[in-house]
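In what follows, a structure is listed as C-alpha cells, so that the remarks can point back to it.
Worth knowing before you read on, the calculation uses all heavy atoms, side chains too, and leaves out hydrogens, waters and symmetry mates. As the structure lists them, so they are numbered: ligands from 1, and atoms in each ligand from 1.
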Amino acid sequence: MTQGPAVANFENEVAGYCGAKYAVAVNSGTSALHAACFAAGISSGDEVITSPITFAASSNAVLYCGGKPVFADIDPETVNIDPVNIKARITSKTRALIPVHFAGTPCDLERINEIAKEKNLQVIEDACHALGAAYKGSKIGSCKYSDMTVLSFHAVKHITTGEGGMILTNSEETYQKLLIFRTHGITRDKSKINNSHGDWYYEMQELGYNYRLTDIQAALGISQLKKLDKFVRLRRQIAFRYDQTLADLPRIRSLSVPDQAYSSYHLYVIQVETRMELFDYMRKAGILANVHYLPVYAQPYYLQLGYSKNLCPKAEEYYRSCLSLPMYPKLSGEDQDRVIERLRSFFADLNDGTRASSLPLLESQGN
Ligand SMILES: Cc1ncc(COP(=O)(O)O)c(C=O)c1O
C-alpha cells in the first residue's frame with residue numbers, strides 16, 4: 001500500500017524516459033523541491049536565485065532549509081529567468097540557482113549552467129511545468145545542464161499521480177541524500193550504519209520527512225507515463241492552433257519559444273493590456289481563463305519577510321497583462337473554437353468602444 005516495487009518501477013521508467021541515471025519519487029513537487037534543496041546543502045544564510053514568475057513552492061523550498069530566496073527578473077519574451085539578471089544577483093552567499101521552465105518552455109540552460117560553473121553553484125531545474133519538453137535535443141530531466149531536476153505529478157500536470165513528484169539526478173551521492181531525506185533521514189543500509197546492533201537496527205542520520213509516494217500512486221504514474229508523448233503532442237497541437245488563429249489580433253501577444261527549446265505547453269499564456277476586463281469577460285462565458293503568476297515576492301508572506309515590490313519590473317509588467325487560456329489534452333476543437341470566438345468578440349467590442357466601459361474591473365490572482 002505504501003512505498004513498494006511499483007515506486008521503484010515508476011522511478012526507473014521516468015529516469016529512462018528523461019535520460020537521467022537516478023530518480024527518487026516523493027509525494028509532491030513541493031517535497032521534491034525541498035529534498036533537492038536539502039541535497040544541495042542549502043542552509044541558514046545561503047542565497048538561492050530563482051524566478052519571480054513561478055508557483056510559490058519554488059522559493060518556499062529555500063525557506064524550508066533556512067536559506068534566502070533571491071529573485072532575478074525575467075526575459076519578457078519567454079517569461080523565463082534571464083541569465084543576465086541571474087549574474088547581477090550573485091553574491092558571496094549564493095549557493096544555488098533554481099531556474100523554472102515556465103509554461104513548459106525550457107530556460108536557457110546552457111548559459112545558466114555556464115554561470116553556475118563559473119561561480120561554483122548548484123543548479124536545480126524546476127521542471128514541474130516541463131515534463132516532455134526538450135532543450136537542444138536533450139529531454140528535460142536528463143540533468144545534462146544541472147545537478148537535479150524536479151517534477152510534479154499534481155492533477156493539472158502532464159502526467160498525474162493525484163499528488164506526487166520526483167527528483168532526477170546523475171550523481172550517486174545526491175541520490176543517496178535524496179533517498180534518506182524521503183524517509184525521515186533513516187537508513188537501513190548496512191554499509192552506512194555505524195554501529196550495527198542486529199537485523200532490526202536502523203539509524204536516523206539526518207532530519208528527514210515522510211515524503212514517500214505510495215505504490216498505488218506509482219501504478220497510476222506508470223500507466224500515465226505511457227500516454228505522456230500523446231498528451232504532449234495534443235498540447236502542442238492546441239498551442240499551434242492558438243498561435244495561428246490569434247496571429248491577426250494585434251492586441252494579443254503570445255510568449256515566444258526559442259529555437260533550441262521544445263515546449264511541452266503546460267500553459268498557453270497571452271498578454272493583453274486589457275487583461276482585467278478580458279479575464280472577467282471569459283469567465284462570464286464559463287471559460288476558466290487564469291493568471292500565472294503574481295510575482296512570488298509580492299505575496300503578503302514575502303512582503304512581511306522584507307521583500308519589496310518593484311524588485312523585478314519586467315515580471316510585474318508581465319503580471320499586469322498575462323492571461324492563461326484553457327490548455328489540456330482533452331480540450332476539443334469545438335471548445336477551443338469557443339475560446340477563440342470569445343476572444344475575437346471581446347476585441348471587436350473593444351474596437352467599437354462598447355467593451356472597456358461596460359465591464360467592472362476585477363481584482364484577480366490565480367496561483
Ligand atoms: C513551477 C512549480 N513548481 C513547483 C510546484 C509544486 O508542485 P506540487 O503541486 O506537486 O507540490 C508547482 C505546482 O503547481 C509548480 O507549478
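The single protein non-hydrogen atom nearest to atom 3 (N) of ligand 1 is Asp126 OD2, 2.8 Å, given as residue, atom name and distance. Residue, atom and distance of the protein heavy atom nearest to atom 6 (C) of ligand 1 are Thr30 OG1, 3.5 Å. The protein heavy-atom contact nearest to atom 15 (C) of ligand 1 is Phe55 CB, 3.6 Å.
Ligand-side atoms of ligand 1 in range of Thr54: 1 (C), range being under 4.0 angstrom from any heavy atom. Listed by number with element, the atoms of ligand 1 under 4.0 Å from a non-hydrogen atom of Leu33 are 4 (C). The atoms of ligand 1 that sit less than 4.0 Å from any heavy atom of Ser152 are 7 (O), 8 (P), 10 (O). Residue Tyr293 has at least one heavy-atom neighbour below 4.0 Å for each of these atoms of ligand 1: 16 (O).
Annotation: side chain of Leu323 is in contact with side chain of Arg275 (closest heavy-atom distance under 4.5 Å). Within the 4.5 Å cutoff, no side-chain heavy atoms of Phe181 are placed close to those of Val24. In this structure, the side chains of Ile222 and Asn9 come closer than 4.5 Å at one or more pairs of heavy atoms. Arg344 places a side-chain heavy atom less than 4.5 Å from the side chain of Leu249.
Looking at Val156 against ligand 1, nothing comes within 4.0 Å, counting heavy atoms.
Here Val7 sits alone; no ILVMFWY side chain lies under 4.5 Å from its own, so it joins no hydrophobic cluster.
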Pair Gln237-Leu234, side chain to side chain contact (heavy atoms under 4.5 Å, CB included): steps then yes or no:
CA-CA 5 Å; Gln237 277 168 12; Leu234 290 168; 3.8 Å; yes
What do the steps show when you test Leu131 against Leu228 for side chain to side chain contact (heavy atoms under 4.5 Å, CB included), and what is the final call?
CA-CA 9 Å; Leu131 181 57; Leu228 173 60; 3.6 Å; yes
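Considering Tyr302, Phe71, Tyr307 in turn, Phe71 is the only one that fulfils the ring pair (Phe, Tyr, Trp, His ring centres under 6.0 Å) rule with Tyr297.
Of the polar atoms of Glu163, none of the N or O atoms is found under 3.5 Å from an N or O of ligand 1, judged by distance alone. Of the N or O atoms in Gly29, one or more lie within a sub-3.5 Å distance of an N or O in ligand 1.
Comparing heavy-atom distances from atom 4 (C) of ligand 1 across Cys128, Ser59, Ala127 singles out Cys128 as nearest. Nearest-heavy-atom check against atom 13 (C) of ligand 1 across His101, His154, His129, Lys157 picks out Lys157.
Ligand 1 has at least one atom lying under 4.0 Å from a heavy atom of Ser58.
Residues satisfying the side-chain contact (heavy atoms from CB on, under 4.5 Å) test with Glu172, not counting sequence neighbours, are Tyr22, Gln176.
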